[in-house]
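Here the structure is laid out as structure tokens; the discussion comes afterwards.
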Amino acid sequence: MTRAMGAAMRRIHVGNALSAFGLGFTVPYLYVYVAQVRGLGAMTAGLVLAVFAVAALIVLPFAGRAIVRRGPLPVLLAALVLAALGALSLGLAGGATTVLLSAAALGAGQAVMQPALATMIVDCSSADTRSRAFAMQFFLQNLGLGVGGLIGGHLVDTTRVSSFTLLFAIEALMFLLLVVVMATVRMPHSPRMAEAPGRSAKGGWKQLLGNRAMVQLCVLGFVLFFACYGQFESGLSAYGVEAAGISTSALGTALAANTLMIVVAQFAVLKLVERRRRSRVIAAVGLIWAVAWLAAGYAGLGHGSQEMATAAFVSTYALFGLGEAMLSPTVAPLVAADLAPEGLAGQYNSAFALVKQLALAVGPAVGGPLGASLHAPYIVAFLLFSLSITVLALRLGRRLTAAQDRPWTARESRVVSRGGAQEPVTAEA
């Protein structure tokens, strides 16, 4: 990695931390703000949360094309300005229409940040440093969300609208500060669609869909996000309260245990997985999450004490965090760099972000009612989803090239086989 790439990467990591810190200020309190503080009711608050997902689904396909054509930095700066306007207007909005439009702007900007930053990490890293760079990104995102949520919780007062206005203003300020930081980044040159005659956005999507490994990874990604992230604050929390009798304070402890596990374990886990086959690491995550669902089953369906049920439930979230720490240095670089043809990393990142948003939209809709009322079927269903992660990961491993599944074998930056025809990996431990 050159000195210029290192300087750019440091600014990118600062950007990840600032954006996560800003989001942590408001996301945990959005429902309370809309429904209670603004007095717009539970239905409007639910619509606001839905608008976040819908806005992301609308803009991500266009974001991928823009990143490929213009580069990730201009797209990121535009997304940050849009998100800042959305956050500030959300803090000032008093009516349902204004709240929904503001949420759409914030959700769209937030969604585009992810693939833009991921593409910048690809452009500023080599095959040797990419896994560590994505692990650092995930670490800073969770640290920023946790610290932002903690500070935001001490600033809000449900009896004062001004306290929430201050919260959204701080979030907008973080995005604008990030604009200033990222405007100083000097990105290394990388091919763009405009530089490749005959290549169109439509052709890029056709090439993506023709990449069997990428399609399989998208299916795997949907199951990953559906069975884990899509359940955190919906089905699993409803199950914990209804079946296990978990208090709200214990639920907060469980969420804190998840973040703490990621922050503490991220780089220790990185050393363990850096020289392991990516498909095997993802398969191991499926098994770890299966154990997590068994612990959740004991918490709600067992006959132990309330203390044991609470401990098991907190362990569920901690085990999810361990799996997340294992995924960050494996899945993200695989999507962002090793499967994407030259010049199309932005489109591949946006496609995977789109899959993530779909899973996060469907997950709560399915898991919420199931976790609240059908306790045993809920646990069994998501236990099977976790085991399917292991099966899908092992099947993906047979589709990847040796360099894609075992990146330490390719020491030169961006020399791995990307896109196009792929030869299966030979059976190897």
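Just so it is clear, the values below take in all heavy atoms, side chains as well, and ignore hydrogens, waters and symmetry mates. Predicted, not measured: the structure shown is a model, and the values here were computed from it.
Remark: side-chain polar atoms of Ser328 are not paired, donor with acceptor, to backbone N or O of Ala135 under 3.5 angstrom. Judged purely by atom type and a 3.5 angstrom limit, Gln266 uses its side chain to pair as donor or acceptor with the backbone of Ala325. Checking side-chain atoms of Thr316 against main-chain N and O of Ala296 turns up a donor-acceptor pair under 3.5 Å. Panel note: side chain Ser89, backbone Leu85; a donor-acceptor pair is recorded below 3.5 Å. Distance alone, capped at 3.5 Å, places no donor-acceptor pair between the Thr44 side chain and the Gly41 backbone. Under the 3.5 Å distance criterion, the side-chain polar atoms of Thr330 are left unmatched by any main-chain donor or acceptor of Arg278. Checking side-chain atoms of Arg38 against main-chain N and O of Gly95 turns up no donor-acceptor pair under 3.5 Å.
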**OP:** Report the C-alpha separation of Val366 and Phe226 in whole Å, then their side-chain angles, then the decisive distance to 0.1 Å, and conclude whether the side chain to side chain contact (heavy atoms under 4.5 Å, CB included) test is met.
**Re:** CA-CA 9 Å; Val366 173; Phe226 175 79; 4.1 Å; yes
Original post:
Does the pair Leu327 and Leu224 meet the rule for a side chain to side chain contact (heavy atoms under 4.5 Å, CB included), with working shown?
Top reply: CA-CA 10 Å; Leu327 289 176; Leu224 283 169; 4.0 Å; yes
**OP:** Show the numbers, then the answer: is there a side chain to side chain contact (heavy atoms under 4.5 Å, CB included) between Glu171 and Leu106?
**Re:** CA-CA 10 Å; Glu171 181 181 26; Leu106 178 57; 4.0 Å; yes
**OP:** Show the numbers, then the answer: is there a side chain to side chain contact (heavy atoms under 4.5 Å, CB included) between Trp289 and Leu319?
**Re:** CA-CA 7 Å; Trp289 285 357; Leu319 287 169; 5.5 Å; no
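When side chains are defined from C-beta on, Leu220 does not count as touching Gln216, because their heavy atoms never get closer than 4.5 Å. Between Val331 and Phe352, the closest side-chain pair of non-hydrogen atoms falls below 4.5 Å. Looking at Ile389 and Ile282, their side chains come closer than 4.5 Å, going by heavy atoms from C-beta outward. At least one side-chain heavy atom of Ile67 sits less than 4.5 Å from a side-chain heavy atom of Ser350. Side-chain contact between Leu88 and Phe168 is absent, with no heavy-atom pair separated by less than 4.5 Å.
For the atom pair CD (Gln141) and CE (Met136), the distance works out to 12.5 Å, reported to the nearest 0.5 Å. Separation of atoms OG1 (Thr159) and CD (Gln36) is listed at 12.0 Å; rounding is to 0.5 Å. Between atom OG of residue Ser279 and atom CG of residue Leu217 there is a gap of 11.0 Å, rounded to the nearest 0.5 Å. One distance of note links CD1 of Ile288 with OG1 of Thr390; it measures 9.5 Å at 0.5 Å rounding. In this structure, CG in Leu80 is found 8.5 Å from CG in Leu176, a value given to the nearest 0.5 Å. From Ile12, atom CD1 reaches atom CE of Met120 across 4.0 Å, with rounding to the nearest 0.5 Å.
Donor-acceptor pairing under 3.5 Å is lacking for the side chains of Glu242 and Tyr378. A donor and an acceptor atom, one from each side chain of Glu324 and Asn258, are located under 3.5 Å apart.
When each of Phe320, Tyr239, Phe225, Trp293 is paired with Gln231, the side chain to side chain contact (heavy atoms under 4.5 Å, CB included) condition holds for Trp293 and for no other.
In this structure, Phe313 has its ring center under 6.0 Å from that of Tyr317.
Pairing each heavy atom of Ser19 with each of Met113, the nearest pair is CB-SD, 4.2 Å. Nearest heavy atom pair, residue Leu100 against residue Val51, reads O-CG1, 3.7 Å. Of all heavy-atom pairs spanning Met261 and Leu322, the tightest one is CG-N, 3.4 Å. Residue Ile262 comes nearest to Phe138 through the heavy atom pair CG2-CE2, 3.6 Å, listed as atom of the first residue, atom of the second, then distance. Contact detail for Ala103 and Val48: the closest heavy-atom pair is CB-CG1, 3.8 Å. Pairing each heavy atom of Gly107 with each of Ala55, the nearest pair is C-CB, 4.3 Å.
Classified by interplanar angle (parallel below 30°, tilted 30° to 60°, perpendicular above 60°), the ring pair Phe385/Phe382 is tilted.
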